[in-house]
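Since the structure comes first, as structure tokens, the remarks are kept for the end.
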Amino acid sequence: MTIWFGGDYNPEQWDESVWVDDVELMQQAGVSMVTIGVFSWAMLEPEEGTYTFAWLDRVMDSLHAAGIRVDLATATASPPPWLSHRYPQSLPLTETGVRLQRGSRQHYCPSSPDYRRLATRLAGEVARRYADHPALEMWHINNEYGCHVSRCYCETSAARFRGWLMEKYGTVEALNRAWGTAFWSQRYGSFDEVTVPSAAPIFRNPSQLLDFDRFSSDELLGVLREEIAAVRAVSPAVPITTNFMGFFKPLDYWAWAAELDVISDDCYPDPSDPDSPYLAAMTRDLMRSLAGGKPWVLMEQAVGAVNWRPSNAAKPEGMMRALSYQAVARGADGILFFQWRQSERGAERFHSAMLPHTGTESVSWKAVCALGAELQQLGDGLDAPTRSAVGIILDWDSWWGIEQSALPTTIDYLGGVRAWYRTLYDAGIAVDFVNPRSDLREYTAVIVPSLFVAASETLETLSAFAESGGRLLVGYQSGITDAEGRLTPGGYLGPLADTLGVRIDEFFPLPLPGTVADDAVRLAGGRPQEGSGTVWSERLILTGADAVARFASGPLQGHPAITERTAGTGLALYCATLPDEATRTWLIERLLAGTRVLEDAIAVDNGEVVRRGRHRFVISHSPQAIAIELDGAPVDLEPYGVAILDDDGHSVEWEPRA
Ligand code: GAL
């Protein structure tokens with residue numbers, strides 16, 4: 001297996017004389033693949049219908065001559081100025097009616113027939129031109145769909161939304177029922193009266209909002225599908241990817257991943273944020289989970305600083321390498337960067353690159369070359385990624401639904417997911433992310449941070465998982481609405497209520513962080529005996545479960561906060577609050593008691609031990625030299641050091657290039 005190594009290459013920003021240097025230096029750095037053409041539309045089609053491929057032919061040929069593979073973009077990510085000049089309706093409209101203008105990038109309405117026609121045509125032209133080019137490794141469709149414009153509120157989008165609703169509901173009566181339009185006189189007489197949820201006086205219909213989120217994700221997915229169809233028509237065998245952005249709320253990546261042959265991710269952890277290692281690990285695990293056995297690659301990361309935060313910290317020496325190995329350990333088959341050569345002009349002049357302004361004498365260039373050399377050697381011996389036994393449910397419907405307004409409180413959906421992930425990460429337990437509609441049987445334990453929107457079949461699947469021997473931990477605000485946003489009748493949780501052995505009687509959300517001196521509620525009875533909870537509390541009635549911790553302050557003092565029930569042959573835990581870190585750790589131990597998962601877990605301070613097949617990657621995220629204890633012996637690591645051990649405990653050595 002080869003680990004692809006390289007980055008986004010934008011030769012159009014440079015004189016051709018520089019290209020010769022580029023290729024030579026790529027060889028020096030061990031680059032095996034570059035992504036080209038992402039922002040080349042204006043250069044490839046300078047006016048409508050006139051294509052200028054000769055320059056790209058030369059780039060492709062010279063890369064091929066140097067043995068460098070190409071991830072070739074369809075170049076549709078940023079329409080050229082002529083397009084919106086000729087077709088002004090292709091520009092997107094914001095919720096408040098502002099037409100976003102050209103001069104930046106991604107300024108297109110996903111529903112615009114002109115954008116779609118021209119983008120698909122370009123994708124087809126590019127594919128026809130290069131389908132048989134020997135440098136071609138894979139197709140890179142568009143770029144970071146939805147990154148800047150994921151929803152458009154223009155008339156064309158509204159018409160497409162109506163079409164989507166007609167398809168879904170068939171009749172306007174069915175839509176009225178699903179959306180509950182008897183409320184606030186919202187009843188629609190025909191589909192023509194339905195609009196996109198642009199700015200309105202106050203709260204909009206929650207079911208309309210949820211459907212608009214689904215439509216918007218589908219609409220961009222339609223753009224992807226059209227481009228894929230144009231490419232596959234002439235190049236059926238070459239793998240296809242588009243780059244994701246980690247936990248990206250606007251797009252339901254479960255649906256998106258199904259369209260791709262290779263999953264790609266762009267990941268830019270903030271070097272100054274001490275949480276970056278676990279946050280980056282979490283996105284690697286999501287990508288491996290989305291890939292579900294297909295390859296995934298880290299398509300973009302920064303060598304050093306980015307340029308788009310208010311303040312852009314650079315990566316200390318070693319950090320880029322450690323985070324690269326973290327991706328490999330968690331399943332990546334490629335480590336690539338944005339971008340190859342640092343721009344001199346344009347909005348990304350100050351973004352780091354593999355080849356920085358400061359040139360080949362720079363510290364970061366040397367780090368890039370060293371990593372390239374190491375990965376070349378590592379690739380051959382790598383196994384497929386290891387599956388995890390613990391799954392965390394990730395659900396876009398719930399993410400959208402729980403972050404609307406006019407709800408019991410303000411909940412940060414991802415905050416809850418992160419909290420549980422963090423606990424598992426700190427305990428050294430490997431995690432997959434799981435689509436709630438998928439088969440759960442392969443997991444030892446499943447954690448549901450919250451599943452606000454859930455069809456009863458989904459809740460039944462979770463029940464069945466526990467009843468048939470699985471270990472299930474469910475968090476508050478789960479099973480609250482059905483798939484259309486209607487409250488789950490009978491006190492929430494649906495069929496899960498019996499499995500968990502609880503009934504929810506009344507919500508008592510806790511104060512929002514920062515609004516009062518103490519936003520936490522005390523917990524008692526757990527281990528440690530005293531803990532705390534934030535975000536949520538509710539009055540629970542036990543109908544078969546035992547309370548393993550109770551609220552020890554606030555209006556629910558003495559009431560159950562965390563419950564447990566032996567459900568069938570499995571175990572079902574319920575959390576009516578977000579427990580603090582120590583309580584979560586205790587709960588995870590309780591959930592996994594007696595399983596191999598706990599035996600295999602290796603908790604490490606300031607680092608991680610991750611298994612990929614026969615190898616264990618021991619990675620330090622510490623700026624100091626540390627020793628990580630593994631199998632009873634210390635593994636000494638330099639600052640941000642990495643050791644790769646095979647199953648016999650032998651270290652996998654590489655020969656860094658001189
Ligand atoms: C990504 C994008 C790249 C570049 C990079 C900068 O969002 O795909 O083109 O802009 O960020 O960090």
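Numbering of ligands and ligand atoms starts at 1, following listing order. In this chain, numbering begins with 1 at the start of the sequence shown. Computation of the quantities below employed the complete heavy-atom set of this structure, encompassing side-chain atoms and omitting hydrogens, waters and symmetry-equivalent molecules.
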>> Can you tell me how the ring of F433 sits relative to the ring of F247, calling it parallel under 30°, perpendicular over 60° and tilted otherwise?
In response: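 Correct class here is perpendicular.
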> In the protein, what heavy atom is nearest to atom 4 (C) of ligand 1, and what distance, to one decimal place, separates them?
Replying inline: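 Protein heavy atom at minimum distance: E348 OE2, 3.2 Å.
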> For atom 3 (C) of ligand 1, what's the nearest protein heavy atom and its distance?
Replying inline: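 Here the nearest protein heavy atom works out to E300 OE1, 3.3 Å.
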Which ligand 1 atoms, with their elements, are less than 4.0 angstrom from a heavy-atom of [X]?
X	result
E144	1 (C), 2 (C), 7 (O), 8 (O)
R105	2 (C), 3 (C), 4 (C), 7 (O), 9 (O), 10 (O)
W308	6 (C), 12 (O)
F338	3 (C), 4 (C), 5 (C), 6 (C), 9 (O)
N143	2 (C), 8 (O), 9 (O)
F39	9 (O)
D266	8 (O)
H351	6 (C), 12 (O)

>> Pairing donors with acceptors under 3.5 angstrom, does anything connect the side chains of D22 and W340?
In response: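 Short answer, yes.
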> Can an N or O of N307 be found at a distance shorter than 3.5 Å from an N or O of ligand 1?
Replying inline: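 N307 vs ligand 1: no N/O contact under 3.5 Å.
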> So which of R116, R225, R214 actually passes salt bridge (Lys or Arg N to Asp or Glu O under 4.0 Å) with E219?
Replying inline: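 Testing each of R116, R225, R214 against E219, the sole residue satisfying salt bridge (Lys or Arg N to Asp or Glu O under 4.0 Å) is R116.
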>> Check for me whether R121 meets the cation-pi criterion with Y51, that is, NZ or CZ under 6.0 Å from the six-membered ring centre and within 45 degrees of the ring axis.
In response: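 Ring-cation test returns no.
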> Cationic tip of R69 within the cone over W4's six-membered ring, i.e. under 6.0 Å and within 45° of the normal?
Replying inline: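 The answer is no, since R69 fails at least one limit relative to W4.
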> Hey, is M245 touching ligand 1 through its side chain, its backbone, both or neither, going by heavy atoms under 4.0 Å?
Replying inline: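 Under 4.0 Å from ligand 1, M245 contributes no heavy atoms.
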>> Return the CZ to CZ distance between R129 and F53, rounded to the nearest 0.5 Å.
In response: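 Between R129 CZ and F53 CZ, I get 6.5 Å after rounding to 0.5 Å.
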> Going by heavy atoms in the side chains, are Y130 and L56 under 4.5 Å from each other?
Replying inline: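 SC-SC contact between Y130 and L56 confirmed.
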> With side chains defined as the heavy atoms from C-beta onward, is the minimum distance between L251 and W396 less than 4.5 Å?
Replying inline: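 No - every pair of side-chain heavy atoms lies 4.5 Å or more apart.
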